[in-house]
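My questions will all concern the structure given below.
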Amino acid sequence: MLKMRKSKFLKNMRIANRVTLLYGSMFSITIIVISAILWSNSSNINKSIVQNELLEAVSDIKTYIASTDNLTEEGMEEAIGNKSVFASVTIMNDFAKKDTMHIGIPKGAFENEDNIEHISNFPENDSDRPFEPFGMIRRDNEFRSVYIEENEYILMSVNYNIGNKDYKIDAFKMNIDSKYMEVLTIRLIIIDLVGIVIAFLLARYISHIMLKRVGNIRSTAERISVEDLSRRIPIDGPDDEMKELSITFNSMIDRLENSFKSQTQFVSDASHELRTPISVIKGYASLINRWGKKDPEILQESIDSIISETDHMSQLVEKLLFLARGDRHSLDVNRSDICLNTVVSEVVKDIDVMETGKYVVFENIDEVFINADSNFIKQLLWIYTENAIKYTGENGKITFRVYKKDNKGYFEVCDNGIGIDESDIDKIFDRFYRADKSRNKDIAGTGLGLSIAKWIVSNNDGEIDVKSEKGKGTVFINSFPLVSRKEG
């Protein structure tokens, strides 16, 4: 339950607070680890220093004993020098139990015993103060921690034999850790607390710097509206993830702006195209209401015009619905392996029985199989055919050509009509766009046919290329990936 609460708490935390917590925790842990290492190393170094001084003191005492048979307190002080080491030497002519000898006993405890002499460099004011026994010495050269009046001392005991005398050397010194480490610990705790506070303040500053550009993205997004899609996020600065995010965001706004402009243009054009036939129908209906009831000629003219405009409006609405369903991806494209030659020949036969006044030629060069929706391909052919019929003069020529090249199947629809300006070729697939409207205002059309053609080709993995020359005609070249012909 506690783990779930923590997880929920972190999940609901703001990103700035998460970054602050993350960096602050990392810095704090680093400071604590460094302090712990420093504390541990300081303790070990201090003990090592004391132990080295004890070793040197014992070595100096041994050297002094070896150089003279008469060891005195003054001589031991001279041997030890100014190392601040306390030493006690017990001299016994018969030191049979040296491994179990008590050390640290009061000065003079053995003065009444024969063959025993005790020499030390204890301070004068401590000469009458009994020391706590340090315990049993079990091994030579052993360092042990002992406590005198709550102060920690490090003790080193050595048995030394020379000539007919046995020497018991006990050297000890206060461990400077006991005070030094106490002060060091307090200071490290204070430094750690101050460091942790600074770490979290620094983490807060870092999170602010890191998320500043995110805040810019948010503020820019808040200022963007349908009425103003021109705002963009500045993309200056280092090439980091924030810059990539800014570029992606700007790209998304570009697409939204273009889409909105296209939608606005589409609605405007559709409204204009629908307004015209409605106005014509309304006008002729008014004419019938005023004069046509008694004039058969006006009545028939009005009826013919109303039917014509109704047909035009019906075609327009049908094409608009087609494109709308295509935009919503709700049109089913039932692709299968088809023979392109067969589909084109069917359209050519239908044109032959129509009174188009055009000369139709079918150049069946290669047998081509593609994977596509045959109904949509036939609709595509009729779009090109209707345009060719409309924009080709009387006794004009329309040529259909099927061939294959470079693993692709092609069909072309060529005419020798009025052609298209080079500046208009890139725009003819836009919705409601009609090249040279001033010259084509008397030619029926909605400006949606080639938009539908583009959709059909794109959704059957094809490509369109247009070649045209003003006054000489137009060629629509369509290519699709070839498929192997199925045998049997």
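Positions are given from 1 along the sequence. Fair warning: this is a prediction, and the values are worked out from it, not measured in the lab.
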How about Glu412 and Tyr403: does a side-chain donor come under 3.5 Å of a side-chain acceptor?
yes

Quick one: does Asn460's side chain have a donor or acceptor within less than 3.5 Å of a partner on Asp373's backbone?
yes

Using every non-hydrogen atom in the two residues, find where Ile31 and Ile196 come nearest and quote the distance to one decimal.
CD1-N, 4.2 Å

With salt bridge (charged side-chain N to carboxylate O under 4.0 Å, His left out) as the test, would you mind laying out the steps for Lys405 and Asp366 before giving the verdict?
CA-CA 10 Å; Lys405 179 182 178 182; Asp366 298 310; over 6 Å; no

Kindly compute the distance separating CD (Glu386) from CD1 (Ile351), expressed to the nearest 0.5 Å.
9.5 Å

Do Phe476 and Asp465 come close enough that some side-chain heavy atom pair is under 4.5 Å?
no

Is Lys408 salt-bridged to Glu463, going by a charged N under 4.0 Å from an acidic O?
yes

Among side-chain atoms of Asp415 and Tyr384, is any donor-acceptor pair under 3.5 angstrom?
no

Quick one: pull up CD1 in Ile383 and NZ in Lys378 and give me the separation to the nearest 0.5 Å.
14.0 Å

What distance separates Asp254 CG from Asn250 CG, expressed to the nearest 0.5 Å?
6.5 Å

When rounded to the nearest 0.5 angstrom, what is the spacing between CD1 in Ile34 and CD1 in Ile191?
11.5 Å

Answer whether the closest heavy-atom distance between the side chains of Glu367 and Phe369 falls below 4.5 Å.
yes

Take Phe172 and Ile154 through the side chain to side chain contact (heavy atoms under 4.5 Å, CB included) test and state the conclusion after the steps.
CA-CA 5 Å; Phe172 60 97; Ile154 297 178; over 6 Å; no

Side chain to side chain, Trp382 and Asp350, heavy atoms closer than 4.5 Å
yes

Taking C-beta and beyond as the side chain, do Ile253 and Phe249 meet within less than 4.5 Å on heavy atoms?
yes

So, Asn341 side chain and Val368 main chain: donor-acceptor pair closer than 3.5 Å or not?
yes

Any donor-acceptor pair under 3.5 Å linking the side chain of Ser468 with the backbone of Gly473?
yes

Write down the atom of Leu380, the atom of Ala453, and the distance for their closest heavy-atom approach.
CD1-CB, 3.4 Å

Take Leu340 and Phe411, measure what side chain to side chain contact (heavy atoms under 4.5 Å, CB included) needs, and give me the verdict at the end.
CA-CA 8 Å; Leu340 191 56; Phe411 77 82; 3.8 Å; yes

Atom NZ of residue position Lys358 - does it have more than 12 heavy atoms of other residues, nucleotides or ligands inside 6.0 Å?
yes

Give a yes or no on whether Asp352 atom CG has more than 12 heavy-atom contacts from other residues, nucleotides or ligands under 6.0 Å away.
yes

Lys/Arg N to Asp/Glu carboxylate O, Asp461 vs Arg335, below 4.0 Å
yes

About how many Å separate NZ of Lys173 and CG of Leu155, when rounded to the nearest 0.5 Å?
14.5 Å

CG (Leu482) and CG (Asn371) are apart, to the nearest 0.5 Å, by 11.5 Å

Check against side chain to side chain contact (heavy atoms under 4.5 Å, CB included), Val344 and Ile377
CA-CA 9 Å; Val344 175; Ile377 296 300; over 6 Å; no

Identify which one of Ile389, Val361, Asn416, Val348 satisfies the side-chain contact (heavy atoms from CB on, under 4.5 Å) criterion when paired with Ile398.
Ile389

Quick one: does Ser59's side chain have a donor or acceptor within less than 3.5 Å of a partner on Leu55's backbone?
no

Any donor-acceptor pair under 3.5 Å from Asp424 side chain to Ile420 backbone
no

Does any non-hydrogen side-chain atom of Lys397 lie less than 4.5 Å from one of Thr392?
no

With side chain to side chain contact (heavy atoms under 4.5 Å, CB included) as the criterion, how do Ile365 and Val402 come out once you've worked through the C-alpha distance, each side chain's angles and the decisive distance to 0.1 Å?
CA-CA 6 Å; Ile365 300 173; Val402 178; over 6 Å; no

Let me know which of Thr399, Thr474, Ile477 forms a side-chain contact (heavy atoms from CB on, under 4.5 Å) with Cys414.
Thr399

So which heavy atom on Phe200 is nearest to which on Ser25, and how close?
CZ-N, 4.0 Å

Is there side-chain contact between Val347 and Thr385, with heavy atoms separated by less than 4.5 Å?
yes

Can you find a pair of side-chain heavy atoms, one from Val475 and one from Val413, that are under 4.5 Å apart?
no

Donor-acceptor under 3.5 Å (Ser251 side chain, Ile247 main chain)
no

Closest non-hydrogen atom pair, Val85 against Ala171
CG1-CB, 4.1 Å

